Number of protein chains: 2
Amino acid sequence: MTGHRLDNIDRKIMAELQADGRMTNVELASRIGISAPPCLRRVRALEEAGFIKNYHAFVDAKSLGFDVQVFVMVGLITQAEPELTTFVEKCQSWPLVRECHMLNGEIDFILKCVAPDLSTFQTFLTAELTAAPNVASVKTSLVIRVAKDTPGVPFEYVKELPESG
Amino acid sequence: MTGHRLDNIDRKIMAELQADGRMTNVELASRIGISAPPCLRRVRALEEAGFIKNYHAFVDAKSLGFDVQVFVMVGLITQAEPELTTFVEKCQSWPLVRECHMLNGEIDFILKCVAPDLSTFQTFLTAELTAAPNVASVKTSLVIRVAKDTPGVPFEYVKELPESG
DNA sequence: CGTGAAACCGTCGCCCC
DNA sequence: GGGGCGACGGTTTCACG
């Protein structure tokens, strides 16, 4: 997927589209400082190559009736690859689990779950997650307040390439 | 922000735009089953009302040179509101901190951090986070593998409204 | 909410560097 | 190789029924 190398223009495009994914191509091009056609060609190439994976609208969970957000720390009995894969596939099949990250240290996985209410989450927790094979320990932490939620990467840390001229 | 009530069409719009935020308005309208103008009016209204907060391109962190992703569990000395606010504002000022959630239970905050390399993260950890006022305990967990990363809410759990006719 | 019309945009071919 | 210019078709976005 990564045969290409990115130049500064590519990175600026991705920074802009991360900040506003619905920007029109002409506005994107004018912000970058090139004309529309090459800008669109680059965007398409970035999508094809997998550098841009998708575009998502960010919706307000509360307004849609999703009042419950929970982080779940999971420990497994064995961390051998087949068992890991089984657990990961389980997570992918649960719509309520939005993120699943494998970690180092004492806990093996952290899950971010979103549910419409506590009872839906508790049903999931007791009937699905804790009941899944190979799950040793489960610790949950309710989200009281979302203080910051900025998807993506910090483009502030991207170094400019030296001018090629 | 929520004076409006959402109907099924609004929810379908948000579900579609969460799945593909760059869909054209005509395609969106045809998927919903209405014509383009009222569809666009609804999208604009949802944006204005804050139900749709933003649109983001999902970029591949690895390709951009962000190899390090870390979950950080933070305990504070005091959880009084002024100290909480101070800590939250600190998090908002750190670009490396992408998410900051206040939790119940023994840990007070969980942060999701994204950094270009380990040394950048360690500098942040020692010079910024641990050095911040009111921070009592810091535990970090490196992300080994991202097994699932689905932003947004599970629209599978949204109940259809009864037909009004 | 739907129809029509006008302005804008995405997209392609070609030329240029 | 990549960027710019022009033109066509589709889309966005009005005003109106």
Side-chain angles (χ1 to χ4, degrees), chain A residues 1-59 63-64 155 158-165, chain B residues 2-60 63-65 155 158 160-165:
Chain A
M1 131 174 125
T2 50
H4 316 64
R5 273 180 60 95
L6 300 171
D7 61 11
N8 290 331
I9 297 181
D10 290 322
R11 282 194 278 269
K12 280 183 188 167
I13 287 175
M14 285 199 269
E16 293 289 344
L17 287 179
Q18 176 177 285
D20 179 5
R22 272 221 132 182
M23 193 183 303
T24 65
N25 182 59
V26 291
E27 172 156 2
L28 178 60
S30 89
R31 284 181 187 234
I32 305 299
I34 62 179
S35 65
C39 184
L40 186 64
R41 283 197 290 262
R42 279 170 179 270
V43 172
R44 291 284 175 267
L46 291 170
E47 290 166 355
E48 297 271 326
F51 293 117
I52 296 176
K53 291 187 282 189
N54 215 332
Y55 300 87
H56 298 283
F58 230 51
V59 305
S63 307
L64 277 158
F155 276 97
V158 174
K159 300 161 275 300
E160 283 283 311
L161 292 179
E163 297 289 330
S164 58
Chain B
T2 49
H4 315 63
R5 273 180 61 96
L6 301 170
D7 61 11
N8 290 330
I9 297 181
D10 290 322
R11 283 195 277 268
K12 279 183 189 168
I13 287 175
M14 286 199 267
E16 293 289 344
L17 287 179
Q18 176 178 286
D20 179 4
R22 273 221 132 183
M23 193 183 303
T24 64
N25 183 58
V26 290
E27 173 157 1
L28 178 61
S30 89
R31 284 180 187 234
I32 305 298
I34 62 178
S35 64
C39 185
L40 184 65
R41 283 196 291 263
R42 279 169 178 269
V43 172
R44 292 283 176 269
L46 291 170
E47 291 167 356
E48 297 272 326
F51 294 117
I52 296 175
K53 292 188 281 191
N54 214 332
Y55 301 88
H56 298 284
F58 230 52
V59 305
D60 186 60
S63 306
L64 276 158
F155 276 97
V158 174
E160 282 284 312
L161 292 178
E163 297 290 330
S164 59

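The structure displayed is predicted, hence computed values, not measured ones. Throughout, protein chains are lettered first and strands after them, A, B, ... in sequence-line order, and every chain is numbered starting at 1.
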For this session: With sequence neighbours left out, write down each residue that passes ring-ring contact (aromatic ring centres under 6.0 Å, His included) with A/Phe58, or none if nothing qualifies.
Result: B/His56

For this session: Kindly write out the residues that satisfy ring-ring contact (aromatic ring centres under 6.0 Å, His included) with B/Tyr55, not counting sequence neighbours, or none if the list is empty.
Result: none

Under 4.0 Å, heavy atoms only, any strand: does [X] hit a base, just the sugar-phosphate, or nothing?
X       : result
B/Ile9  : sugar-phosphate
B/Arg44 : sugar-phosphate
A/Ser35 : base
A/Ile32 : nothing

Problem set entry | Whichever of A/Glu27 and A/Arg41 has its nearest DNA chain C nucleotide further upstream toward 5' | A/Glu27

Please round to the nearest 0.5 Å and tell me the distance separating atom [atom1] of [X] and atom [atom2] of [Y].
X       : Y       : atom1 : atom2 : result
B/Ile52 : A/Arg22 : CD1   : CZ    : 8.0 Å
B/Leu6  : B/Arg42 : CG    : CZ    : 9.5 Å
A/Ile32 : A/Glu27 : CD1   : CD    : 10.5 Å

Exercise. Quantified in whole Å, what is the P atom distance between nucleotide C/dT11 and nucleotide D/dT13?
Worked result: 16 Å

How many Å lie between [atom1] on [X] and [atom2] on [N], as a whole number?
X       : N      : atom1 : atom2 : value
A/Leu28 : C/dC8  : CG    : P     : 19 Å
A/Leu40 : D/dG3  : CG    : P     : 12 Å
A/Ile34 : C/dT11 : CD1   : P     : 15 Å
A/Asn8  : D/dG2  : CG    : P     : 15 Å
B/Met23 : C/dG10 : CE    : C1'   : 17 Å
B/Arg22 : C/dC9  : CZ    : C1'   : 11 Å

Exercise. Do A/Arg42 side-chain and D/dG2 base share a donor-acceptor contact under 3.5 Å?
Worked result: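 Checked by distance alone, the answer is no.
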
Exercise. What heavy-atom pair brings B/Lys53 and A/Val59 nearest, and what distance separates the two atoms?
Worked result: CE-O, 3.7 Å

Problem set entry | A/Val26 versus A/Ala36, closest heavy-atom pair with distance | CG1-CB, 4.1 Å

Problem set entry | Paired and unpaired positions of DNA chain C as dot-bracket, Watson-Crick or G-U wobble under 3.5 Å, | denoting a partner strand | .||||||||.|||||||

For this session: Report the nucleotide, chosen from C/dT11, C/dC9, C/dC1, that has the shortest atom-to-atom distance to any side-chain atom of A/Val26.
Result: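 Of all the options, the side chain of A/Val26 is nearest to C/dC9.
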
